[in-house]
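In what follows, a single structure is set out as structure tokens and then discussed.
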Amino acid sequence: MEGEPGVGGTIVNLANQGTTPAPSRADDSDLTDLLEAVLALAADLDLPSVLQRFVQTCADMTGAAYAAINVLGSRGESTTFVQAGVSEAVARLLAHGPRAVGVLGEIPATGVIRLDDLTQHPAFRGFPANHPPMGSFIGASVRVSHQVFGHLYLADKPGGFTEADEGIVLGLAAAAGVAVHNAQLYAEAARREHWLRAGQEITTMLLSGLDEEEALAHIARTAREVAGADAAALALPGVGGELVLELVDGHAAASLLGAVMPRDGRSWAVMDEGRGLLVPSLSQSRVVRVVPMRAFGPALFAPLQTAGHGIGVLILMRKVGGAPFTSADLDTAESFAAQAALAFVLAEARHAQDIAALLDERERIARDLHDLAIQQLFATGMQLETVRRRAARGVDATELTSIVEDALDNVDGSVRQIRSIVHALRDPDAATSLVERLRREASLARTGLGFAPSFVIELDGRALEQGTSDADVVAADLIDERVGADLADDVVAVVREGLANAARHARASSVAVRISVRGTGATGTILVEVEDDGTGLPPQRERHSGTHNLAARARQHAGVFSIGVAPSGRGTLLSWQAPLG
């Protein structure tokens with residue numbers, strides 16, 4: 001409305017000066033319209049929709065030519081401006097909403113200010129360029145949880161506004177306050193759900209073996225998208241103990257990447273103290289020494305911390321003029337950052353466990369080589385040495401031949417031992433049945449899914465029990481006989497990929513794995529199905545490497561592979577089938 005700053009004065013209510021107002025529409029039918037409008041506002045949970053509906057309803061019920069709500073920040077600046085009556089072309093020329101100064105600064109926290117001509121008010125300081133002329137005016141505050149959320153402006157009603165219009169405005173403003181509060185709570189709950197879901201996805205990806213660099217990039221990108229930020233950066237310890245922006249996603253990423261955080265800056269304080277903080281504007285802060293960060297306005301710093309140990313800082317930034325981050329944003333971002341940090345610690349622990357397992361395996365190999373192959377070769381060497389000595393003394397050749405034959409047998413045994421050890425290195429699951437390997441994959445998937453998937457394996461239509469009965473042991477052995485080693489490896493890989501996809505993308509509450517082995521040889525088949533009740537396949541998938549691998553494995557065995565909507569109509573069904581022979 002007003003563009004130039006003015007001197008605030010006392011709250012005034014200049015009504016009925018100079019003209020006779022037109023009759024108000026507030027009669028019995030208008031009361032009904034007001035109640036219907038209040039109910040419509042209360043039923044809306046989308047904040048932009050609530051604000052637009054509120055503004056248009058106020059204009060319609062009072063007869064105002066222009067209506068607007070100006071959502072104010074902590075410093076009186078306009079953070080959101082929604083209007084009705086001004087053309088889009090003129091609105092673009094005005095660029096931004098007005099500040100609460102001049103006549104607009106006179107709007108009371110409760111009640112209304114009603115003017116026959118706002119240009120005659122002592123605090124009026126003129127309209128900004130391209131602003132349409134306005135005369136009659138009503139201004140009121142919209143309060144949310146006893147705090148002023150924004151100001152309602154109504155202008156240019158033919159004949160002027162009346163006391164009945166004041167009642168309509170106050171009633172709608174009260175209803176709008178409740179509707180805005182409900183919409184804010186709903187939006188906050190939705191944001192929390194998005195943050196929690198993002199944290200679970202990060203944990204699943206890390207624990208399923210995702211590359212650390214890719215995981216960090218995913219953390220930054222996900223945090224930026226969920227928080228509605230323009231840029232997200234991860235400050236991590238680098239060479240020499242410096243805290244460096246190792247990963248940046250979004251606006252000005254190239255200029256921010258690699259920036260070193262000052263030792264006495266906010267990032268170090270957040271990581272050391274383990275408490276996040278909000279910055280109203282980096283561009284206006286005098287202590288920001290990382291020059292590229294001065295291109296941003298509101299910022300949020302959240303520690304990547306677990307068990308009291310800081311491993312980095314998540315920084316979210318919005319462009320100058322963007323909406324400030326709230327304490328609710330900080331709470332959810334801190335929770336997400338802590339979950340991501342914990343996932344990293346668990347991933348590091350798993351990596352350390354893998355290394356320890358590798359060292360143990362090397363020790364076992366050395367022990368097996370020494371106790372089995374080397375000792376046997378040493379004994380063979382002793383036998384040959386005996387042959388050499390006896391041959392030098394002229395012992396009968398028949399006796400020597402017998403010793404040499406024993407030595408050759410020992411050499412053959414040593415070769416077999418070495419081959420067995422090498423085979424175990426190439427295939428650590430060689431001594432494990434296919435059924436046991438598949439059950440192990442289902443058990444390992446519990447961590448990523450958050451629940452245990454159901455697992456059923458059938459042999460010629462008979463389901464194997466989860467037990468060690470003689471019948472089940474015999475059935476497991478029969479499955480190993482029918483399914484060759486190469487095909488068994490691919491079956492395990494298919495189940496592993498299907499469970500990983502469900503954990504990463506499906507957001508499912510249940511997953512079922514079904515394996516069916518029927519017949520023998522070339523006429524027999526093995527069918528693998530992984531079905532979930534999740535969100536189904538996305539319209540556009542960025543990565544297809546996993547499913548391409550499954551299709552390639554199927555082609556290698558002259559089999560078929562498909563992935564699509566589950567028969568129930570909800571979720572995804574992965575199907576992989578190949579002949580046994």
Side-chain angles (χ1 to χ4, degrees), residues 1-3 5 8 37-38 40-42 44-59 64 66-86 88 90-92 94-113 128 131 134 137-155 169-188 190-191 227-230 278 280-281 284 297-298 300 318-330:
M1 299 286 180
E2 253 185 311
V38 167
L41 283 173
D44 203 336
L45 291 175
D46 179 64
L47 185 55
S49 175
V50 167
L51 298 179
Q52 189 64 59
R53 183 192 295 268
F54 170 58
V55 167
Q56 191 62 57
T57 301
C58 287
Y66 303 105
I69 182 170
N70 192 19
V71 181
L72 303 175
S74 58
R75 300 181 180 180
E77 75 279 10
S78 175
T79 61
T80 304
F81 189 77
V82 179
Q83 61 85 28
V86 176
E88 292 185 6
V90 173
R92 283 194 297 269
L94 294 174
H96 57 80
R99 292 181 63 85
V101 296
V103 175
L104 303 185
E106 301 295 322
I107 295 175
T110 58
V112 301
I113 178 173
H131 196 289
M134 296 180 182
F137 176 80
I138 277 187
S141 295
V142 176
R143 297 166 62 85
V144 176
S145 298
H146 307 294
Q147 299 292 326
V148 174
F149 170 77
H151 289 161
L152 169 68
Y153 313 137
L154 299 175
V169 167
L170 290 175
L172 289 174
V178 174
V180 166
H181 184 56
N182 290 339
Q184 289 175 332
L185 292 176
Y186 180 77
E188 182 179 341
R191 282 195 302 272
D230 295 301
L278 300 174
S281 177
Q284 297 179 9
L300 180 156
R318 290 175 179 156
K319 295 179 181 178
V320 175
F325 292 101
T326 65
S327 57
D329 293 326
L330 181 59

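Nearest heavy atom pair, residue Leu172 against residue Cys58, reads CD1-SG, 3.7 Å. Minimum interatomic distance between Ala67 and Ala59 (heavy atoms only, all atoms of both residues): CB-CB, 3.8 Å. When every heavy atom of Phe81 is checked against every heavy atom of Ala68, the shortest pair comes out as CZ-CB, 3.5 Å. Of all heavy-atom pairs between Ala323 and Pro298, the closest is O-CG, 3.6 Å. Nearest heavy atoms, Ala173 versus Val142: O-CG1, 4.0 Å. Closest approach of Gln52 and Gln83 over heavy atoms only: NE2-O, 3.6 Å.
Using a 4.5 Å heavy-atom threshold, the side chains of Ser281 and Val320 count as separate. Residues Phe54 and Leu152 form a side-chain contact, since some pair of their non-hydrogen atoms from C-beta on lies under 4.5 Å apart. Taking the side chain as every heavy atom from C-beta outward, Leu51 and Val71 approach each other to under 4.5 Å. Phe325 places none of its side-chain heavy atoms less than 4.5 Å from the side chain of Leu330.
Take Gln56 and apply the side-chain hydrogen bond (donor to acceptor under 3.5 Å, both in side chains) test, not counting sequence neighbours, and it matches Asp60. For Leu170, the side-chain contact (heavy atoms from CB on, under 4.5 Å) partners two or more places apart in sequence, or in a different chain, are Val112. Scanning for side-chain contact (heavy atoms from CB on, under 4.5 Å) contacts around Thr110 gives Arg143, with sequence neighbours left out.
Taking OG from Ser141 and CG from Asn70, the interatomic distance works out to 11.0 Å, rounded to the nearest 0.5 Å. With rounding to the nearest 0.5 Å, the separation of CG in Leu154 from OH in Tyr66 is 13.0 Å.
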*side chain to side chain contact (heavy atoms under 4.5 Å, CB included) between Val103 and Tyr153: does it pass, once the steps are laid out?*
CA-CA 11 Å; Val103 175; Tyr153 313 137; over 6 Å; no

